Amino acid sequence: MENKKTTRLKNLLIPGKPLICPGAYDVLSAKIIEKIGFQAIQVSGFGVAGSILGLPDIAVLSLTQMLDVTRNICHAVNIPVMADGDTGFGNAVNVYYTVQMFEDAGAAGINLEDQVFPKRCGHMDGKMVIETEEMIGKIRAAADARRDPDFIINARTDAGTLYGIDEAIRRGQAYLKAGADMIFIEAPKISKPEDIKRAVKEIGGKCSLGIVLGGKAPILTYEQYCDLGLARLSFPVAPIAAAAHGMEVALTRLFEEKSFADEDRELYWDFKQYTDFIGLPDVHQLERRYMSDEALEERYKP
């Protein structure tokens with residue numbers, strides 16, 4: 001059925017017209033991403049680590065923590081959500097169960113990367129990768145584990161950062177052959193966008209790139225990314241970085257002024273804007289439907 005989120009995501013992954021996936025780190029950020037009009041969401045392990053632990057993305061988050069956040073996001077929005085499966089939280093057998101758990105949570109796809117555990121954000125230094133054959137086993141396990149054939153397995157390789165684009169191409173080809181649906185070329189060590197274009201062509205399947213302001217991947221226009229032949233662009237850090245910056249600006253002003261002023265309205269949603277967005281009118285509607293007039297009068301008496 002076309003309305004399945006997995007099928008919708010699969011159909012949105014078009015080479016040469018990359019799908020933009022901002023990185024949600026909680027339900028509120030996911031709902032804002034949906035409200036703005038984006039067609040899909042990437043759960044960001046980087047963002048979740050910062051949001052719930054106040055730590056960088058260095059593999060401290062557990063499977064359970066990532067699963068809980070992802071499930072809440074999937075249930076709160078109507079657009080497809082891709083999970084962040086990190087390294088699969090173990091070996092190929094762990095990957096098998098990890099994929100099934102995220103699929104059961106409502107995700108439409110998952111990122112799985114070829115880093116050594118403990119992994120780290122792809123734009124950080126100090127990364128290491130596992131052998132290609134070990135990752136092939138993980139991808140085969142992921143492909144066998146999914147129940148929905150449209151569930152997207154996005155195999156990420158960080159080898160391009162360490163060994164150059166040729167190694168990323170070699171691994172990407174192998175991961176596609178093992179059953180991946182898309183290859184995530186993470187933070188490639190390149191000097192020219194033409195190298196990414198060559199990689200996409202030679203890998204021979206749908207490819208994705210992660211974009212981080214101040215990170216290792218090239219910052220281009222959307223039209224230039226289209227020309228590279230990419231099928232997806234993830235922006236995993238942008239939402240939490242914007243939220244951190246916005247809170248710092250707003251709270252600095254509150255700290256300095258010790259109250260609100262008219263000009264502060266540009267920095268905040270007012271109370272009604274926020275409560276409308278998170279569904280308070282729906283709660284009031286349910287109260288009117290199911291509560292007696294007497295109970296409502298008592299609850300809302302002046």
Side-chain angles (χ1 to χ4, degrees), residues 18-61 65-66 69-70 72-74 77 79-87 107 109-115 118-127 154-158 160-162 168 182-190 193 196 207-222 224-225 228 230-251:
L19 175 68
I20 297 178
C21 292
Y25 55 89
D26 63 6
V27 171
L28 184 61
S29 61
K31 289 175 70 67
I32 292 172
I33 290 167
E34 181 181 42
K35 175 182 184 289
I36 289 168
F38 290 101
Q39 295 179 284
I41 289 169
Q42 172 67 59
V43 177
S44 168
F46 183 101
V48 176
S51 175
I52 70 174
L53 298 178
L55 291 173
D57 185 10
I58 52 171
V60 177
L61 278 171
Q65 288 171 314
M66 281 298 296
V69 172
T70 302
N72 289 341
I73 289 173
C74 290
V77 299
I79 57 177
V81 175
M82 285 200 70
D84 188 349
D86 281 351
T87 62
I110 191 169
N111 293 347
L112 294 168
E113 60 200 63
D114 61 3
Q115 279 197 51
K119 55 86 60 177
R120 57 188 55 211
C121 168
H123 294 262
M124 295 177 181
D125 294 328
K127 297 189 301 181
N154 186 25
R156 172 178 140 183
T157 180
D158 288 73
T161 310
L162 301 170
M182 183 163 58
I183 301 302
F184 189 165
I185 309 168
E186 176 65 311
K189 185 179 181 181
I190 62 167
I196 296 178
C207 291
S208 176
L209 195 67
I211 311 300
V212 174
L213 194 62
K216 297 180 183 296
I219 305 297
L220 308 172
T221 66
Y222 180 73
Q224 288 172 316
Y225 289 126
L228 300 183
L230 294 161
R232 192 188 80 136
L233 293 170
S234 73
F235 290 79
V237 178
I240 196 165
H245 173 71
M247 281 190 282
E248 182 181 36
V249 170
L251 294 176

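These figures come from a predicted structure and were not determined experimentally. Positions are given from 1 along the sequence.
The shortest side-chain heavy-atom distance between Ile52 and Gln65 falls under the 4.5 Å cut-off. Ile58 places none of its side-chain heavy atoms less than 4.5 Å from the side chain of Pro118. For the pair Ile20 and Phe235, the minimum side-chain heavy-atom distance is below 4.5 Å. Side-chain contact between Thr87 and Leu112 is absent, with no heavy atoms from C-beta onward closer than 4.5 Å. The closest side-chain heavy-atom distance from Phe184 to Cys207 is not below 4.5 Å. Two residues are said to be in side-chain contact when any heavy atoms from C-beta on lie closer than 4.5 Å; Met66 and Val48 meet this criterion. Using a 4.5 Å cut-off on side-chain heavy atoms (C-beta onward), Arg120 and Asp57 make no contact.
Across every non-hydrogen atom of Ala40 and Ile79, the tightest pair is N-CD1, 3.9 Å. Residue Ile185 comes nearest to Leu209 through the heavy atom pair O-CD1, 3.0 Å, listed as atom of the first residue, atom of the second, then distance. Contact between Cys21 and Ile41 at its shortest, heavy atoms only, is CB-C, 4.4 Å. Heavy-atom minimum distance, Gly23 versus Ile33: C-CD1, 4.2 Å. Minimum interatomic distance between Ala107 and Ala83 (heavy atoms only, all atoms of both residues): CB-CB, 4.0 Å. Nearest heavy-atom pair, Ile211 versus Pro218, reported as atom, atom and distance to 0.1 Å: CD1-O, 4.1 Å.
Here the CG atom belonging to Leu233 is positioned 12.0 Å from the CD atom belonging to Gln42, to the nearest 0.5 angstrom. Separating the NZ atom in Lys35 from the CG atom in Leu28 is a distance of 11.0 Å, to the nearest 0.5 Å. In this structure, CD1 in Ile240 is found 7.5 Å from CZ in Phe46, a value given to the nearest 0.5 Å. One finds the CG atom of Leu61 at 8.5 Å from the CG atom of Leu55 (value rounded to the nearest 0.5 Å). Leu162 contributes atom CG, which lies 8.5 Å from atom OG1 of Thr157 (distance to the nearest 0.5 angstrom).
More than 12 heavy atoms of other shown residues, nucleotides or ligands fall within 6.0 angstrom of atom CG in Leu53.
Residues Lys127 and Asp125 are not paired through a salt bridge, judged by the lack of any N-O separation under 4.0 Å between the basic side chain and the carboxylate.
Asp26 and Ser51 share no side-chain donor-acceptor pair at under 3.5 Å. Side chains of Asp84 and Asn111: no donor on one and acceptor on the other come within 3.5 Å. Counted by atom type alone, Asp158 and Thr161 present zero donor-acceptor pairs between their side chains at under 3.5 Å.
Listed by first then second residue, pairs satisfying side-chain hydrogen bond (donor to acceptor under 3.5 Å, both in side chains) with a partner in residues 236-248 number zero, not counting sequence neighbours.
Remark: the backbone N or O of Val237 is not paired with any side-chain donor or acceptor of Tyr25 at under 3.5 angstrom. Side chain of Glu186 to main chain of Arg156: no donor-acceptor pair is present (N/O by atom type, distance under 3.5 Å, no hydrogens or angles). Panel note: side chain Ser44, backbone Pro236; a donor-acceptor pair is recorded below 3.5 Å.
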Discussion item. Please determine whether side-chain contact (heavy atoms from CB on, under 4.5 Å) holds for the pair Ser208 and Asn154, giving the CA-CA distance in whole Å, both sets of side-chain angles, and the decisive distance to 0.1 Å.
Written reply: CA-CA 8 Å; Ser208 176; Asn154 186 25; 4.3 Å; yes

Discussion item. I'd like to know whether Val212 forms a side-chain contact (heavy atoms from CB on, under 4.5 Å) with Ile219, so could you lay out the CA-CA distance, the side-chain angles of the two residues, the decisive distance to 0.1 Å, and finally the verdict.
Written reply: CA-CA 8 Å; Val212 174; Ile219 305 297; over 6 Å; no

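For Asp86, the salt bridge (charged side-chain N to carboxylate O under 4.0 Å, His left out) partners at least two apart in sequence or on another chain are Lys119.
At least one cation-pi condition fails for Arg232 and Tyr225: the charged atom is not both under 6.0 angstrom from the six-membered ring centre and inside a 45 degree cone around its axis.
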